[in-house]
Amino acid sequence: MPKKKKFKSGVLPRSLSVARLALGGVVRTGWAKVRSVGLNEIAKADRVRALLQTQGLILAKELSELKGSLMKVGQVLSFYGEQFLPPEFTEILKTLQTKASPLDWETIEKTYRRSLGPVKWVELEIDREPVGAASLGQVHSAVVKATGEKLALKAQYPGVKKAIDSDLKVLRLLLKAGNWVPFTPALDRIFEEARVLLHQEVDYEMEFKLTEKYHQLFGSDPRFVVPRPIARYSSSEVLATTFEEGVPLDSEEVLSLSQSRRDRLGESFFELFLKEVFEFHFLQTDPHFGNFRVRIDPQGVRDQIICFDFGAARPLSEDFLNRYATLVRSLVAGDAAASRKALIALEFIDEASDATQFQKLYELCGILMEPVMTGAEYDWNKSDLAMRSLAGSRYFIFQPNIRLPPTEMISLNRKAGGIYILMSKLGARFKPRPILDKYLGL
């Protein structure tokens, strides 16, 4: 577990930290341009690459220490950023997804005591060492003294609710002043999506209800485990659930499982996504590794996927799902004319879009649909689908008049991309087409 940090919860110290970052970015960028005068193109490229790596390291370190919405947006940028950020920058930002530093116990203890009150506080024995830390809160295990039941307590970092809007404003200023990212309509949409999701994710009373909903939805499927929320110890600052034992998806214990067991896990992840979209009409939109664990079956028969963190879950409207299903069916059928109509209905393009723009978008859809275009086995370990889809999407990111799809589509694409990455990490091999056909009724 990374070294514990003190938390800058006030708006002023957080804003000053970001202002310091922005000023440093401006100075470093200007100095690099001065020092690049007279250099050949290769030397200039090397100097810019070194500058980006330095800026990325500084930004990731400061966002990690500031936590809250600043760190969360850094995580979001690391996910989407490959479409418009230099690789040197995004690779460093990705560390925000896996290396969050926990806060010191003295700070978190105050949250627990305030939330639980004196009566419920003495009912629990809380482990001071966190079992997990994220951008908006951290998790401690606890035992109910009277029954021995083991719980997971997620405590919200102090001040994160109040800091969201101001954090996003100063972070935009930081990125713009430091010339670290190009500002496009796509980036505006990402910030707006992050703002909405952040306000939802710090609403622990809503997350309690969403966790309960997912627990019920997946309750009859033995492949998945969702913690059961515990009302007695939950509040607006603490979410209490049953403690579900498992190991990280990218751990050696999981990656050393036999090919057939990893294949089954990959199939389960693929069907989890399809279940959410086409059966439940409800999507958990934050698919990074930390939100899943694997419960390994000692008998080697029924490994299970444990799903966490439903604060960012969102419903998918029937109208949107009908349009999305129409697009998928047209792509599977290879019907370009029907696909164009479906893309117009989903607001990716309009009637006036030229043939070149449609063709590029149609080719990008073909890349994303590649695993299900035949009934053959797909080897996720050997696939370069993610790189090809990112390369194809760059064209649209930098179009000045790009039509941005509905936020539901952005959330769905984010989940699909995360599931693709999970299956690639597992090195899974299976036939995805029959699973898709089942949910599309083909």
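Keep in mind it's a predicted model, so treat the numbers as computed, not measured.
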d(Thr285 OG1, Asn413 CG) to nearest 0.5 Å is 12.0 Å
Here the pair of heavy atoms bringing Phe282 nearest to Ala313 is CE2-CB, 3.8 Å
Distance check, rounded to the nearest 0.5 Å: Ile296 atom CD1 versus Leu257 atom CG? 5.0 Å
Any salt bridge between Arg295 and Glu244, counting N to O under 4.0 Å? yes
Are any non-hydrogen side-chain atoms of Lys415 and Leu272 less than 4.5 angstrom apart? yes
Compare every heavy atom of Asp303 with every heavy atom of Asp297, then report the nearest pair and how far apart it is. N-OD1, 2.8 Å
Examine distances only and state if a side-chain atom of Thr326 and a backbone atom of Ala342 form a donor-acceptor pair shorter than 3.5 Å. no
Gln304 side chain to Pro222 backbone, donor-acceptor under 3.5 Å: yes
Return the CD1 to CG distance between Ile421 and Leu385, rounded to the nearest 0.5 Å. 10.5 Å
Taking side chain as C-beta onward, heavy atoms only, is Ser383 less than 4.5 Å from Met423? no
Which heavy atom of Pro130 sits nearest to which heavy atom of Pro102, and what is that distance? CG-CB, 3.6 Å
Yes or no on side-chain contact (heavy atoms from CB on, under 4.5 Å) for Leu274 and Val277, after CA distance, side-chain angles and deciding distance? CA-CA 5 Å; Leu274 296 177; Val277 175; 5.7 Å; no
For the backbone of His281 and the side chain of Glu318, can you confirm whether one donor and one acceptor N or O come within less than 3.5 Å of each other? no
Leu255 versus Leu249, closest heavy-atom pair with distance: CD2-O, 4.0 Å
Measure the CZ-CG distance between Arg223 and Leu265 for me, rounded to the nearest 0.5 Å. 11.0 Å
Mark yes when over 12 heavy atoms from residues, nucleotides or ligands other than Met409 sit less than 6.0 Å from its CE; otherwise mark no. yes
Which atom of Arg262 lies closest to which atom of Leu426, heavy atoms considered: NH1-O, 2.6 Å
Has Gln156 got a side-chain atom pairing as donor or acceptor with Val202's backbone, closer than 3.5 angstrom? yes
With sequence neighbours excluded, residues passing side-chain contact (heavy atoms from CB on, under 4.5 Å) with Arg329: Ala325, Leu440, Leu442
Okay, side chain of Glu212, backbone of Pro229: is any donor-acceptor separation there less than 3.5 Å? no
Non-hydrogen side-chain atoms of Phe273 and Leu412 separated by less than 4.5 Å: yes
So, Glu237 side chain and Ala155 main chain: donor-acceptor pair closer than 3.5 Å or not? no
Is there a donor in the side chain of Ser260 and an acceptor in the side chain of Asp263, or the other way round, less than 3.5 Å apart? no
Pair listing, ring-ring contact (aromatic ring centres under 6.0 Å, His included) test, anchored in residues 295-315, at least two apart: Tyr214-Phe310
May I ask you to establish whether Lys154 and Tyr204 are in a cation-pi arrangement, using a distance under 6.0 Å from NZ or CZ to the six-membered ring centre and at most 45° from the ring axis? yes
Please test Lys425 against Trp380 for side-chain contact (heavy atoms from CB on, under 4.5 Å), starting from the C-alpha separation and ending with a verdict. CA-CA 8 Å; Lys425 186 65 176 181; Trp380 294 91; over 6 Å; no
Checking Leu436 against Val328 for the side-chain contact (heavy atoms from CB on, under 4.5 Å) test, could you report, in this order, the C-alpha distance in whole Å, the side-chain angles of both residues, the deciding distance, and whether it holds? CA-CA 10 Å; Leu436 176 66; Val328 174; 4.2 Å; yes
Rounded at 0.5 Å granularity, tell me how far OG in Ser236 sits from CE in Met206. 14.0 Å
Closer than 3.5 angstrom, by distance alone: can the side chain of Glu279 be matched with the main-chain N or O of Tyr439 as a donor-acceptor pair? no
Between the CG atom in Leu343 and the OG atom in Ser353, the distance rounded to the nearest 0.5 Å is 9.5 Å
Give a yes or no on whether the backbone of Ala240 and the side-chain of Ser234 come within a donor-acceptor separation of less than 3.5 Å. yes
Do the non-hydrogen side-chain atoms of Phe358 and Phe348 ever get within less than 4.5 Å of each other? no
Applied to residues 428-437, the side-chain hydrogen bond (donor to acceptor under 3.5 Å, both in side chains) test, sequence neighbours excluded, yields Arg433-Asp437
Could you check Lys341 against Ser330 for side-chain contact (heavy atoms from CB on, under 4.5 Å), going step by step and ending with a plain yes or no? CA-CA 9 Å; Lys341 291 181 180 178; Ser330 69; over 6 Å; no
Do side-chain atoms of Arg293 reach the backbone of Ile306 as a donor and acceptor pair under 3.5 angstrom? no
Measuring only between side-chain heavy atoms, which start at C-beta, is Val247 closer than 4.5 Å to Glu252? no
For Ser317 and Glu408, which heavy atoms make the closest approach, and how far apart are they? N-OE2, 2.8 Å
For residues Val372 and Phe270, determine if any side-chain heavy atom of one lies less than 4.5 Å from a side-chain heavy atom of the other. yes
Where the side chain of Lys275 meets the backbone of Phe280, is there a donor-acceptor pair that is under 3.5 Å apart? no
Quick one: do Arg414 and Asp286 make a salt bridge, cutoff under 4.0 Å? yes
With side chains defined as the heavy atoms from C-beta onward, is the minimum distance between Glu205 and Phe208 less than 4.5 Å? no
With a sphere of 6.0 Å drawn around CZ of Arg302, does it hold more than 12 non-hydrogen atoms of other residues, nucleotides or ligands? no
Taking C-beta and beyond as the side chain, do Pro158 and Leu103 meet within less than 4.5 Å on heavy atoms? yes
